[in-house]
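What follows is one structure encoded as C-alpha cells, with my remarks underneath.
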Amino acid sequence: MAKRNASGDEITPIVRRIIEAHPDAPARTLARRIVAECNGALTLEQARSRVRGVLGLLGARRRKECDTQHLHRPTRPAGQRLAIPKSQAEPWLPFDLGITGKVGILSDIHVPYHDETALRAAVDHLQAERIDALLLNGDWADFYTISRHEKNPKLRNFRNELAAGRDLLKWLRQEFPNMRMVAKLGNHEERWDSWLWQHAPEISDDPIMGIDNWYGFHNLGIELVADKRIILCGDLPVLHGHEKGNGISSPVNQARGAFMRLHHTVLEGHGHRTSTHSEPDMMGSETVCFSTGCLCDMRPAYARLNKWNQGAAVVTVHADRSFDVENFRIQAGKVRQS
C-alpha cells in the first residue's frame, strides 16, 4: 500500500468514497471501515485523522492550505448518533362531503333488525325534502352473528345477514337513484374486521375481503368512510358516536354528553336517541350538539326496556359552509318535528 506523498495519495480516494457512501456515519465508524479496506496500512487514529481532513474538520487554516475539495459537514459530538426512528403513524383527516345543499342522515338501521315502518317514513321524508346526498351514519348493518356477545344459536345465520344488508343498500339506491351516497362504518360494521383479524388474519388485508366488496359498494356507487373518520357537512362534524368512547357520553341527554366529551359542535347517532344541547361561551359563540334517533327494532332481546326513539336528520349546508339541522323524530310511522 502506498504512503501519502505531496504528489498524490492512494488512500484519500478510498476515504472519500467511504464517506460519500456513509455520509451520516460517525468519524470513528468511518475510520474503522477505512482501516479494514486498507488492510491495516493505517492505524485507527490515522484513518480518523484522514476522515477529519477530508471533512474539513482540522481547522480553517488547514482547509485553506489543502487544495483537495472537502466533503464538509458541521462538527458534532463524538460517538454514535442515533436517528429518530421512522414513524408508522398515518394521517387521520376528516372526510369532507364538499356538498352545498341538503344531506339526509340515517343512523342505526341495524339490518336485518330494522324497523320497516320507521325506515319507510324516514326515506319518504328525505325524498320530500329533495335531499342532494345521503349519508348512512354507521350501524346500517348489525353483524349479530359475528359479534363477541352471547348469541341465540337459532338466529345465527351470517349468510342471511349479508344478503339482507345487500338488499337494503340496493333498495336505498333504488329510492335515491343517481344521488351521492356515503356509508360510514359504525361499531357494528367494525365487527367485520375484528372477526377477520381473529379468524382469518392471513387474508384479512386482501382488498377482496373488504366490507365494501362484500356489499357491492362499487356497483351501487356508494363511498366508504372507515377508520372512525369525522365526516364534514360544511362546518358540521358528523360522528357515528362510538369514536369518543363511553362513560360521560351516555347520560340522560346524549347531545349534552357529546358536548361534555368534545366541547365542539357535532352531530352523532349511536345512542338511538334524538336530543339537542346548546351552550354559549362568554363571548356569545354557541356550541350546539345533536344526536339522532335510530331506525331499528325498538325492543331487541338484549334491551327490551330502553330510552330509545326513532328518527333521522336533514342537514342543510349553505355556500359559506354554515348549516341548519332538522333533527326529526319518528313515532308510529309519522315524522315529528316538535
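Bear in mind the structure is a predicted one, so any value in this text is a computation, not a measurement.
Side-chain contact between Ile131 and Met179 is present, with heavy atoms from C-beta onward closer than 4.5 Å. By the 4.5 Å heavy-atom criterion applied to side chains, Ile330 and Thr117 are not counted as neighbours. Val315 is listed as a side-chain neighbour of Leu267, based on a closest heavy-atom distance under 4.5 Å. Taking the side chain as every heavy atom from C-beta outward, Val103 and Asp132 never approach each other to under 4.5 Å. Between Ile34 and Arg50 the shortest side-chain heavy-atom distance does not fall below 4.5 Å. Looking at heavy atoms from C-beta onward, Leu106 lies in side-chain contact with Leu126 at the 4.5 angstrom threshold. Side-chain atoms of Ile230 and Pro237, non-hydrogen and from C-beta on, do get closer than 4.5 Å to each other. Residues Phe143 and Glu189 have side chains in contact (heavy-atom distance under 4.5 Å, counting atoms from C-beta outward).
For the atom pair Leu185 CG and Asp139 CG, the distance stands at 10.0 Å (nearest 0.5 Å). Atom CE in Met181 sits 7.5 Å away from atom CZ in Phe176 (nearest 0.5 Å). We find the NE2-NZ distance between His125 and Lys334 to be 13.5 Å, quoted to the nearest 0.5 Å. Remark: Leu169 CG to Leu136 CG distance equals 6.5 Å, nearest 0.5 Å. Atom OH of Tyr113 sits about 10.0 Å away from atom CG of Asp297, to the nearest 0.5 Å.
The heavy-atom pair separating Thr292 from Gly269 by the smallest distance is OG1-CA, 3.6 Å. Nearest heavy-atom pair across Arg273 and Ser291 is O-OG, 2.6 Å.
No side-chain donor-acceptor contact under 3.5 Å links Thr287 and Thr265. Under 3.5 Å, the side chains of Thr274 and Asn309 contain a donor-acceptor pair of N or O atoms. In summary, the side chains of Asp142 and His114 do not present any donor paired with an acceptor at a separation below 3.5 Å, with no hydrogens or angles considered. Side-chain atoms of His277 and Glu279 include a donor-acceptor pair closer than 3.5 Å. Neither side chain, Asn306 nor His272, offers a donor N or O lying under 3.5 Å from an acceptor on the other. Between the side chains of His242 and Glu190, at least one donor N or O sits under 3.5 Å from an acceptor N or O.
Ionic pairing of Arg321 and Asp96 is present here: one or more N-O contacts between side-chain nitrogen and carboxylate oxygen are shorter than 4.0 angstrom. Salt-bridge annotation for Glu243 and Lys184: present, with a side-chain N of the basic residue lying under 4.0 Å from a carboxylate O of the acidic one. Remark: Glu175 engages Arg120 in a salt bridge, criterion side-chain N to carboxylate O under 4.0 Å. Using a cutoff of 4.0 Å between basic side-chain nitrogens and carboxylate oxygens, Glu161 and Arg166 are not scored as salt-bridged.
For Trp140 and Tyr215, the gap between ring centers is short of 6.0 Å. In this structure, the ring of Phe323 has its center no less than 6.0 angstrom from the ring center of His318.
Applying the 6.0 Å contact sphere to CD of Glu116 captures no more than 12 heavy atoms from other residues, nucleotides or ligands. Atom CG of Asn152 sits in a crowded spot, with more than 12 heavy atoms from other residues, nucleotides or ligands closer than 6.0 Å.
The cluster map of Ile, Leu, Val, Met, Phe, Trp and Tyr, joined by side-chain heavy atoms under 4.5 Å apart, puts Phe95 and Leu239 in different clusters.
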Does the pair His270 and His188 meet the rule for a ring-ring contact (aromatic ring centres under 6.0 Å, His included), with working shown?
CA-CA 10 Å; His270 186 53; His188 278 252; 8.1 Å; no
For His149 and Tyr302, what are the C-alpha separation, side-chain angles and deciding distance, and is it a ring-ring contact (aromatic ring centres under 6.0 Å, His included)?
CA-CA 10 Å; His149 302 292; Tyr302 66 89; 7.9 Å; no
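Arg229 places a side-chain N or O within donor-acceptor distance of the main-chain N or O of Pro94, the cut-off being under 3.5 Å. With hydrogens and angles disregarded, no donor-acceptor distance shorter than 3.5 Å links the side chain of Arg16 to the backbone of Ile19.
Pairs passing the ring-ring contact (aromatic ring centres under 6.0 Å, His included) check and including a residue from residues 14-45, sequence neighbours excluded, do not occur.
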